[in-house]
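Below is one structure; the comments refer to it alone.
Both backbone and side-chain heavy atoms feed into the values below; hydrogens, waters and symmetry mates do not.
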Amino acid sequence: MKVFLNPGHDELDLKGTPDYDPGACNEFLDLYENEIALAVGQLAGKYLTAAGCEVKLLQSESLSGICRAANAWKADIFVSIHCNAFNGAAHGVETLTYPDDIEGRRLAECIQYQILDTFEGLTNRGVKERENLAVLRGTDMPAVLVELAFIDHAGDVLLLRDRQDDFARAIARGITDYFSGR
């Protein structure tokens with residue numbers, strides 16, 4: 001079982017690149033989407049490796065490069081990890097999949113279920129189809145994009161800051177649930 005994990009947005013910028021995109025942020029807590037996604041992705045990778053999966057993790061600004069890497073590696077599944085943001089009032093978890101990708105939808109449902117089972121009271125925003133996301137459109141395997149929670153919501157951001165290991169374990173359980181149901 002080969003799992004390609006893609007923590008969203010640019011890798012941590014150590015050079016001060018002017019077009020660096022850390023994704024969404026919570027300026028009050030100095031939290032950035034790319035850092036949370038990377039931490040959760042690395043932890044999920046550790047748990048998946050312990051469960052017997054082969055894992056490749058890539059955080060990059062190049063969406064086409066990410067898709068090429070996942071396709072060239074011939075991953076069995078692709079999981080992109082992100083934090084949502086909107087208006088400070090929206091909250092909850094949602095998992096996105098490409099339209100008519102039946103296996104991608106099943107993978108999304110497994111991950112969504114495990115996250116909701118882990119976080120009592122977290123709003124279920126559902127599994128949604130999105131055709132305009134490059135990493136879902138450009139990959140050859142079942143693919144999902146997990147929006148863990150809203151980084152700009154006062155309650156959700158505390159989960160993102162304080163419970164990254166729980167998010168990682170939930171993602172890993174959802175993935176292993178998917179593989180065991182094949």
Side-chain angles (χ1 to χ4, degrees), residues 1-9 11-12 23 33-60 63 65-84 92-98 101-130 133 135-136 138-149 151 156 158-182:
M1 299 170 289
K2 295 173 75 172
V3 180
F4 194 98
L5 297 175
N6 164 236
H9 296 280
E11 61 267 41
L12 295 177
E33 179 178 5
N34 65 332
E35 294 172 350
I36 293 167
L38 181 60
V40 171
Q42 289 172 332
L43 288 166
K46 180 179 85 169
Y47 297 126
L48 289 165
T49 300
C53 296
E54 285 183 71
V55 177
K56 185 169 192 124
L57 184 140
L58 177 62
Q59 184 178 46
S60 172
L63 299 178
I66 292 164
C67 294
R68 279 194 307 275
N71 293 338
W73 191 53
K74 300 194 183 313
D76 293 311
I77 63 167
F78 176 95
V79 178
S80 191
I81 301 168
H82 290 260
C83 302
N84 226 333
V93 58
E94 63 189 21
T95 307
L96 311 174
T97 184
Y98 196 74
D101 179 0
I102 295 166
E103 288 301 306
R105 181 166 193 88
R106 197 166 71 73
L107 173 61
E109 289 169 350
C110 290
I111 293 171
Q112 184 82 1
Y113 171 81
Q114 285 294 341
I115 291 173
L116 290 168
D117 191 54
T118 299
F119 295 94
E120 184 178 326
L122 186 62
T123 300
N124 181 1
R125 296 177 56 88
V127 171
K128 299 176 180 177
E129 293 183 348
R130 294 284 162 78
L133 297 175
V135 294
L136 301 180
T139 47
D140 296 337
M141 68 289 304
V144 301
L145 189 149
V146 183
E147 295 280 11
L148 299 172
I151 198 168
D156 279 10
L158 298 178
L159 299 176
L160 293 169
R161 181 189 70 188
D162 300 336
R163 297 191 57 194
Q164 294 171 8
D165 189 70
D166 291 326
F167 277 111
R169 287 177 187 269
I171 289 169
R173 281 194 310 273
I175 290 169
T176 57
D177 286 353
Y178 170 80
F179 282 127
S180 67
R182 283 182 109 171

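- There is no side-chain donor-acceptor pair under 3.5 Å between Thr95 and Arg125.
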Practice item. Could you give me the CA-CA distance, side-chain angles and deciding distance for Arg105 and Asp101, then say whether salt bridge (charged side-chain N to carboxylate O under 4.0 Å, His left out) is met? Key: CA-CA 6 Å; Arg105 181 166 193 88; Asp101 179 0; over 6 Å; no

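- By the side-chain contact (heavy atoms from CB on, under 4.5 Å) test, Asp140 is found to be paired with Asn71, residues two or more places apart in sequence or in another chain being considered.
- Rounding to the nearest 0.5 Å gives a distance of 13.0 Å between SG of Cys110 and CD1 of Ile171.
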**Study point:** Glu54 vs Lys2, salt bridge (charged side-chain N to carboxylate O under 4.0 Å, His left out): CA-CA, chis, key distance, verdict
**Key:** CA-CA 5 Å; Glu54 285 183 71; Lys2 295 173 75 172; 5.1 Å; no

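- Salt bridge annotation for Arg169-Asp165: present, with a cationic side-chain nitrogen under 4.0 angstrom from a carboxylate oxygen.
- With no hydrogens or angles considered, a side-chain donor-acceptor pair links Tyr178 and Glu103 at under 3.5 Å.
- Taking the six-membered ring where the residue is Trp, Phe4 and Phe78 present parallel rings, their angle staying beneath 30° rather than reaching 60°.
- Distance CZ/Arg161 to CD1/Ile36: 10.0 Å, rounded to 0.5 Å.
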Exercise for review: Run the numbers on Val93 and Asn84 for side chain to side chain contact (heavy atoms under 4.5 Å, CB included), then give the verdict.
Suggested key: CA-CA 8 Å; Val93 58; Asn84 226 333; over 6 Å; no

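- Considering only residues two or more places apart in sequence or on other chains, Tyr113 meets the side-chain hydrogen bond (donor to acceptor under 3.5 Å, both in side chains) condition with none of them.
- For the pair Val127 and Gln112, the tightest heavy-atom approach, listed with the atom from each and the gap, is CG2-CB, 4.1 Å.
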